Amino acid sequence: MSGTTTGAEGAEGAALGYEQARDELIDVVRRLETGGTTLEESLALWERGEELAKVCRRWLDGARARLDAALAEPGDEPTPSG
C-alpha cells in the first residue's frame, strides 16, 4: 500500500499550474541525480516526481485537446489566396 492518497493528489494537482509542476519536477530529478539522500528520502522524491509528472501530463493532454478542438472548428480554415 502506498503512502499517498488519490484524493490529496487530485486536489494538489488541480492547484498546481503546469510551469510550477514542471519546475518542481526538474528540482526533484536534480536532487535524485545528485544523490546524497537516504533510501527513504529518495523514495519520497521518486513518488513526488511521479505525482508531478502526472500533473504535467494532464496539463499537456488538456492543451492538446483544446488545440485539436480549435483546429477542427469549421469556418476557421484559411482560404487559398491566388
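Computed from a prediction, not measured in an experiment: that's the story for all the values here.
- Between the CG atom of Leu32 and the OG1 atom of Thr37 there is a distance of 6.5 Å, given to the nearest 0.5 Å.
- Considering only heavy atoms from C-beta on, Val55 stays 4.5 Å or farther from Leu25 through its side chain.
- Under the rule for a salt bridge (Lys or Arg N to Asp or Glu O under 4.0 Å), Asp68 has no partner lying at least two apart in sequence or in another chain.
- When side chains are defined from C-beta on, Val29 counts as touching Glu33, because their heavy atoms get closer than 4.5 Å.
- The backbone N or O of Thr38 sits less than 3.5 Å from a side-chain atom of Glu41, completing a donor-acceptor pair.
- Note on Ile26 and Val28: separate hydrophobic clusters, where clusters join Ile, Leu, Val, Met, Phe, Trp and Tyr whose side-chain heavy atoms are under 4.5 Å apart, directly or indirectly.
- Using a 4.5 Å heavy-atom threshold, the side chains of Glu24 and Arg48 count as touching.
- Partners of Gln20 according to the side-chain hydrogen bond (donor to acceptor under 3.5 Å, both in side chains) rule, which considers only residues two or more places apart in sequence or in another chain, do not exist here.
- For the atom pair CG (Leu60) and CZ (Arg22), the distance works out to 10.0 Å, reported to the nearest 0.5 Å.
- Contact detail for Trp59 and Tyr18: the closest heavy-atom pair is NE1-N, 3.6 Å.
- Rounded to the nearest 0.5 Å, atoms CG (Leu43) and CG (Leu39) are 4.5 Å apart.
- Every salt bridge (Lys or Arg N to Asp or Glu O under 4.0 Å) that Arg57 has, sequence neighbours left out, goes to Asp61.
- Note: Cys56 SG to Lys54 NZ = 12.5 Å, rounded to the nearest 0.5 Å.
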